[in-house]
2 protein chains.
Amino acid sequence: MKNGPNIASLASLLGDPARANILAALLGGKALTAGECAAEAGISAPAASGHLAKLLNAGLLVVLVQGRHRYYNLAGPDVAAALETLMGLAVRVGLRRTRPGPREAAMRKARFCYDHLAGEVATQVFAQLVTNGHLVASPQGYRLSPLGRARFHAEKIDIEALESKSRTLCRACLDWSERQPHLAGSLGAAIAQVAIERGWCRREAGSRAVHFSGGGERALLAMAGPEPVGAPETGGAASNSSTHDPRRA
Amino acid sequence: MKNGPNIASLASLLGDPARANILAALLGGKALTAGECAAEAGISAPAASGHLAKLLNAGLLVVLVQGRHRYYNLAGPDVAAALETLMGLAVRVGLRRTRPGPREAAMRKARFCYDHLAGEVATQVFAQLVTNGHLVASPQGYRLSPLGRARFHAEKIDIEALESKSRTLCRACLDWSERQPHLAGSLGAAIAQVAIERGWCRREAGSRAVHFSGGGERALLAMAGPEPVGAPETGGAASNSSTHDPRRA
DNA sequence: ACAATGCTTCGTTCTTGGCCGAAACATTGC
DNA sequence: GCAATGTTTCGGCCAAGAACGAAGCATTGT
């Protein structure tokens, strides 16, 4: 009688605290061994193995066997997106794992979401890309404009290589902390990779949090700006972040 | 040690088959009494009462007490969006409640998603709106262009009234069956309401499925088209009367 | 006021599913 | 080959929670 997707069996998989912790850890984008997953979830190795098998069997994870290690990772960006969406709803209804702490402030500022950046900085980047006409709406969602293509070309990002993959180039992902979109898709992943490679930010060990240097944040926002670096900043593009509160540890 | 949203307690709420069935039924957008929820989920009234209390306590539902009836409904569009996202992932990993059946074909064609339309027709409408420049990308997501504003004005849709509400006017929601965006937000809801009022489509009893007439589908797509069609108006109650609206603002 | 209806609370039973320890399996290093 | 490490399988224990029936409230209608 009932039809449609089986949401219950999927949600029950995510509903166990141990599995949810594993998935949340994997949202950082790095593959983890079974033992690391066990440590993340605070359970024994056998328990973690069982959970990982279930998630793997459900198609939410993929595994890479290397020697005696098994590296588990999320099966794809759609899994990450669904997890982020659930996080957004959890925030909205007031469910937190703990009280908002110092780590949470850093997470809101910038974090990894599977393989791209999320948080305040990432939503600002997205807004800049749209404002400057690099991203435009298309019937299938967002699309990279010729202007944006040239802009990223100037930044030595090989758009053609990204397009050759089956994965979507641009996709808007609703940020759970900012409730505004940030950029996902292969381009979002490439931008995150570039930000790390060029030292604009660094990942906090064992966390999804990302710490930007002052210059790094400016550099990233400048990459989303209208012109390649060196353009005079007349204040028009600087946007509103200057009005933020100084109460930040 | 852990921080961030508590995804596990939220997902465990959705992970029970009875609760998932209730929520899936409520995705149709109509408020249901406790007894109707019990029938939908195939459980006894006491069991349903307990589940509804949990969902209510978690902030996923709202209740409207009218006499001896209690009308339950989703707490808001974000809940519906999260459910749809989970459905999309469930489809992607191959979890279905049953084999794809005749009902499923109708659901893919058109269905209600809380208070707006989803499915093949809805994604086509969204594509048309973007193609014709009625919807454009903005830093905060999608925005109604002046052109689109005039277009809906010609269709007797009071955009200003929608904007006066706190709810977002336009929002792209990823369709789980089409994997392309459709229009959510208060404008999406208004369009769905208009489509019903003008007889372009009718809801299947006790289901989210929506059946379009041939002319109705053309009329809806024409509304998203570039120019007001010269067809005679359907006359009568053009202004949307908010007579009985079980949903809150 | 009485009966009927809709819903919730309570108490009980019972199944599902998670956890751990022990042991088996697989791989690497000496 | 043998020991050490990482991972999975097995078996048993245990607790969380889901279901139902009976009873209690609340509201409606006659």
Side-chain angles (χ1 to χ4, degrees), chain A residues 1-2 6-26 30-73 95 97 206, chain B residues 1-2 6-26 30-58 60-73 95 97 206 246:
Chain A
M1 178 162 131
K2 298 299 170 197
N6 188 344
I7 187 179
S9 59
L10 175 59
S12 70
L13 274 173
L14 313 179
D16 180 78
R19 284 193 292 265
N21 282 336
I22 290 174
L23 289 168
L26 289 175
K30 280 193 304 190
L32 299 178
T33 67
E36 289 170 334
C37 290
E40 274 295 331
I43 55 179
S44 67
S49 179
H51 288 306
L52 289 168
K54 284 176 184 169
L55 293 171
L56 190 65
N57 188 45
L60 297 178
L61 298 183
V62 289
V63 65
L64 180 69
V65 180
Q66 266 185 5
R68 57 185 166 188
H69 293 280
R70 298 199 164 196
Y71 288 94
Y72 287 91
N73 207 344
L95 293 170
R97 281 200 277 192
Chain B
M1 179 162 108
K2 298 300 169 195
N6 188 344
I7 186 179
S9 58
L10 174 59
S12 71
L13 275 173
L14 314 180
D16 180 78
R19 284 193 293 265
N21 282 336
I22 290 173
L23 290 168
L26 289 174
K30 279 194 305 191
L32 298 178
T33 66
E36 290 170 334
C37 289
E40 274 295 331
I43 55 179
S44 67
S49 180
H51 288 306
L52 289 169
K54 283 177 185 169
L55 293 171
L56 190 65
N57 188 44
L60 297 179
L61 298 184
V62 290
V63 65
L64 180 68
V65 180
Q66 266 185 4
R68 57 185 165 185
H69 293 279
R70 298 199 164 196
Y71 289 95
Y72 288 90
N73 206 343
L95 294 170
R97 281 200 277 191

For DNA chain C, whose closest nucleotide is more 5', that of A:Ser12 or that of B:Glu36?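 Checking each residue's closest nucleotide, the 5'-ward one belongs to B:Glu36.
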Between the protein and nucleotides 9-16 of chain C, list every N/O to N/O distance that falls short of 3.5 Å.
none

Quick one: [X] [atom1] to [N] [atom2], roughly how many Å, whole number?
{"X": "A:His51", "N": "C:dC20", "atom1": "NE2", "atom2": "C1'", "result": "12 Å"}
{"X": "B:His69", "N": "C:dT8", "atom1": "NE2", "atom2": "C1'", "result": "15 Å"}
{"X": "A:Leu55", "N": "C:dG18", "atom1": "CG", "atom2": "P", "result": "10 Å"}
{"X": "A:Ile43", "N": "C:dC19", "atom1": "CD1", "atom2": "P", "result": "5 Å"}
{"X": "A:Leu14", "N": "C:dG18", "atom1": "CG", "atom2": "C1'", "result": "16 Å"}

Counting primed atoms plus P, OP1 and OP2 as sugar-phosphate and everything else as base, spell out the protein contacts along nucleotides 24-30 of chain C at 4.0 Å heavy-atom distance: B, S or - for each nucleotide, 5' to 3'. ---BS--
If you round to the nearest 0.5 Å, how far is CG of B:Leu26 from SG of B:Cys37?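 Going from the SG atom of B:Cys37 to the CG atom of B:Leu26 covers 5.0 Å.
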For [X] and [Y], which heavy atoms make the closest approach, and how far apart are they?
{"X": "A:Glu36", "Y": "A:Thr33", "result": "OE1-N, 2.9 Å"}
{"X": "B:Ala41", "Y": "B:Asn21", "result": "CA-CB, 4.0 Å"}
{"X": "A:Ile7", "Y": "B:Ala20", "result": "CG2-CB, 3.6 Å"}
{"X": "B:Pro17", "Y": "A:Ala8", "result": "CA-CB, 3.7 Å"}

Taking any atom closer than 4.0 angstrom to a non-hydrogen atom of chain A, what span of DNA chain D does the protein reach, first nucleotide to last?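 Contact span on the strand: D:dA4 to D:dT9.
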Which part of the nucleic acid, if any, lies within contact of B:Ala18, taking any heavy atom under 4.0 Å across all strands shown: a base, the sugar-phosphate backbone alone, or nothing?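 The residue B:Ala18 makes sugar-phosphate contact but no base contact.
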Check every strand shown and say whether B:Tyr72 touches a base, only sugar-phosphate, or nothing at a heavy-atom separation below 4.0 Å.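 Answer is sugar-phosphate: B:Tyr72 comes under 4.0 Å of backbone atoms only.
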Pairs meeting criterion side-chain hydrogen bond (donor to acceptor under 3.5 Å, both in side chains) with involvement of residues 64-73 of chain A, two or more places apart: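 The answer is none; no pair qualifies.
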Quick check on C:dG17: is either OP1 or OP2 less than 4.0 Å from any side-chain nitrogen or oxygen of A:Lys54?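 So the side-chain polar atoms of A:Lys54 never come under 4.0 Å of the phosphate oxygens OP1 or OP2 of C:dG17.
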B:Thr33 side chain near C:dG6 phosphate (N/O to OP1/OP2, under 4.0 Å):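 Result: no.
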Side chain to side chain contact (heavy atoms under 4.5 Å, CB included) assessment of A:Leu14 paired with B:Leu10: CA-CA 9 Å; A:Leu14 313 179; B:Leu10 174 59; over 6 Å; no
Check: residues 43-60 of chain A side-chain donor-acceptor pairs under 3.5 Å, at least two apart:
| from | atom 1 | to | atom 2 | distance (Å) |
| --- | --- | --- | --- | --- |
| A:Ser44 | OG | A:Ala47 | N | 3.4 |
| A:His51 | ND1 | A:Arg19 | NH1 | 3.1 |

Sequence neighbours left out, what passes side-chain contact (heavy atoms from CB on, under 4.5 Å) with B:Ser12? Give chain and number order.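 Here no residue qualifies.
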